[in-house]
Amino acid sequence: MYNTFIFDLDGTLLNTLDDLAASVNYALRSHGMPERTLDEVRSFVGNGVRLLMERAVPDGDAHPCFEEVFATFRQYYMEHSLDTTRPYEGIPEVIHALNQRGCRLAVVSNKFYAATQELIRHFFPEITVAIGEHEAEGIRKKPAPDTVMEALRQLANSQQPIPNSQRTDAVYIGDSDVDLLTARNSGLPCISVLWGFRNRDFLLAHGATTFVSRPEQLLDFLEES
């Protein structure tokens, strides 16, 4: 079926929630603001770290100290993004199996670029294309299709966009409503994972149609040779 797999990062490949929550609460605490629960942070993630902090800070970016709080979060997270973050069970083995079978693999994330690159280098060195937020001027974050199109371009090692007729072997894998929209906007089918930050009912309500509950089930979607 597919030989090109475009992955979301947080909630799909990596369980980053505890490190994100710790960084959010460090920033809030440092500026005298009330901390957030783990479930609150879970509901805030998915649209990039700036929007995560807009949701966490009282009054969002209208708060006069928002930029300082956001800067504190960014610095702390870059220093602590590997404290407890780990791949979901079975994910490293699936990534290795896909790579060994000659599949093209990429990650697209709304996490800022430096953190995306660090996490992929650390956990998944077999993935050579990883696109983070604001990697290049004019590339909009998800759910815009820009990061997916850039990933496909890099995978094809071409300066030209990948036409629709050449995307039939590609699939997008994610855990959220943002991922569903990203896939739709990119003209790709979407596989929704059930081990991430959103549950099946939430994903169904946002249009999900294809699910996997275990990472190894992704191998069932490999293109037949």
Side-chain angles (χ1 to χ4, degrees), residues 1-17 19-20 41-49 51-52 55 85-92 94-95 98 103-113 115-117 119-120 123-124 127 129-133 135 139-152 154-155 162 167-222:
M1 297 173 66
Y2 308 115
N3 64 22
T4 300
F5 291 78
I6 310 295
F7 291 92
D8 170 55
L9 183 58
D10 296 55
T12 300
L13 296 180
L14 296 177
N15 187 349
T16 57
L17 186 59
D19 285 337
L20 285 169
V41 175
R42 184 196 306 273
S43 71
F44 295 161
V45 299
N47 294 90
V49 291
L51 189 52
L52 163 63
R55 292 165 171 167
T85 289
R86 297 291 183 272
Y88 289 100
E89 184 176 356
I91 284 290
V94 166
I95 294 298
L98 292 172
C103 296
R104 300 189 300 178
L105 309 176
V107 168
V108 294
S109 177
N110 277 344
K111 189 186 295 295
F112 41 88
Y113 179 69
T116 300
Q117 290 286 309
L119 290 167
I120 294 303
F123 289 111
F124 306 111
I127 299 178
V129 174
I131 312 294
E133 185 177 4
E135 183 195 17
I139 294 183
R140 298 167 296 169
K141 69 178 184 177
K142 301 185 295 184
D146 301 32
T147 51
V148 173
M149 296 301 100
E150 175 62 15
L152 289 171
Q154 291 188 24
L155 287 171
I162 306 299
R167 289 188 227 151
T168 55
D169 67 345
V171 65
Y172 185 97
I173 300 103
D175 74 306
S176 72
D177 53 324
V178 173
D179 294 315
L180 288 161
L181 279 172
T182 302
R184 187 178 310 151
N185 292 338
S186 303
L188 298 181
C190 186
I191 299 172
S192 296
V193 307
L194 295 178
W195 54 79
F197 297 162
R198 303 289 186 265
N199 62 33
R200 185 186 186 95
D201 289 342
F202 179 93
L203 293 168
L204 280 170
H206 287 83
T209 59
T210 304
F211 299 92
V212 290
S213 57
R214 303 185 312 278
E216 60 268 25
Q217 291 175 317
L218 291 171
L219 300 178
D220 296 336
F221 293 89
L222 279 170

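- Rounding to the nearest 0.5 angstrom, the gap separating the CD atom in E133 from the CG atom in N47 is 10.0 Å.
- In terms of modelled atom types and a separation under 3.5 Å, the side chain of D8 and the main chain of G174 share no donor-acceptor contact.
- Proximity of I120 to L9: side-chain heavy atoms (C-beta onward) are separated by under 4.5 Å at one or more points.
- Between the OG1 atom of T182 and the CG atom of L188 there is a distance of 10.0 Å, given to the nearest 0.5 Å.
- For A183, the side-chain contact (heavy atoms from CB on, under 4.5 Å) criterion is met by Y172, C190, not counting sequence neighbours.
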Verify side-chain contact (heavy atoms from CB on, under 4.5 Å) between V45 and D10, making sure each step is shown before the conclusion. CA-CA 9 Å; V45 299; D10 296 55; over 6 Å; no
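- Within the structure, the salt bridge (charged side-chain N to carboxylate O under 4.0 Å, His left out) test picks out the following pairs touching residues 172-201 (sequence neighbours left out): K142-D179.
- Contact detail for L152 and A170: the closest heavy-atom pair is CD2-CB, 4.3 Å.
- Summarising the geometry of V193 relative to G11, their closest heavy-atom pair is CG2-O, 3.8 Å, with the distance given to 0.1 Å.
- Between I91 and W195 the shortest side-chain heavy-atom distance falls below 4.5 Å.
- Between T16 and F197, the shortest heavy-atom distance links the atoms OG1-CZ, 3.8 Å.
- A pairwise comparison of heavy atoms in Y113 and A130 identifies CE1-O, 3.9 Å as the closest pair.
- At least one donor-acceptor pair under 3.5 Å links the side chain of S109 to the backbone N or O of K111.
- Using the six-membered ring where Trp is involved, F5 and Y2 have ring planes that are perpendicular, over 60° apart on the 30 and 60° scheme.
- Minimum interatomic distance between V108 and A151 (heavy atoms only, all atoms of both residues): CG1-CB, 3.8 Å.
- Between N15 atom CG and T85 atom OG1 the span is 7.0 Å, to the nearest 0.5 Å.
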Give the C-alpha distance, both sets of side-chain angles, the deciding distance and a yes or no for side-chain contact (heavy atoms from CB on, under 4.5 Å) between I95 and F7. CA-CA 10 Å; I95 294 298; F7 291 92; 3.8 Å; yes
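- Atoms CE and CD1, from M1 and I191 in turn, are 7.0 Å apart once rounded to the nearest 0.5 Å.
- With a 4.5 Å cut-off on side-chain heavy atoms, L14 and L119 count as touching.
- A distance-only check finds a donor-acceptor pair linking the side chain of N185 to the backbone of P143 [under 3.5 Å].
- In this structure, L105 and F124 have side chains that are not in contact, with every pair of non-hydrogen atoms separated by 4.5 Å or more.
- Between the SG atom of C103 and the CG atom of L155 there is a distance of 11.5 Å, given to the nearest 0.5 Å.
- No side-chain heavy atom of T116 sits under 4.5 Å from any side-chain heavy atom of I131.
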Show the atom names and distances, to 0.1 Å, of all donor-acceptor pairs under 3.5 Å that link a side chain in residues 202-215 to residues at least two apart or in another chain.
| from | atom 1 | to | atom 2 | distance (Å) |
| --- | --- | --- | --- | --- |
| H206 | ND1 | F202 | O | 2.8 |
| S213 | OG | Q217 | OE1 | 3.4 |
| R214 | NE | E216 | OE2 | 2.9 |

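- With contacts defined as side-chain heavy-atom distances shorter than 4.5 Å, the pair L98/L219 qualifies.
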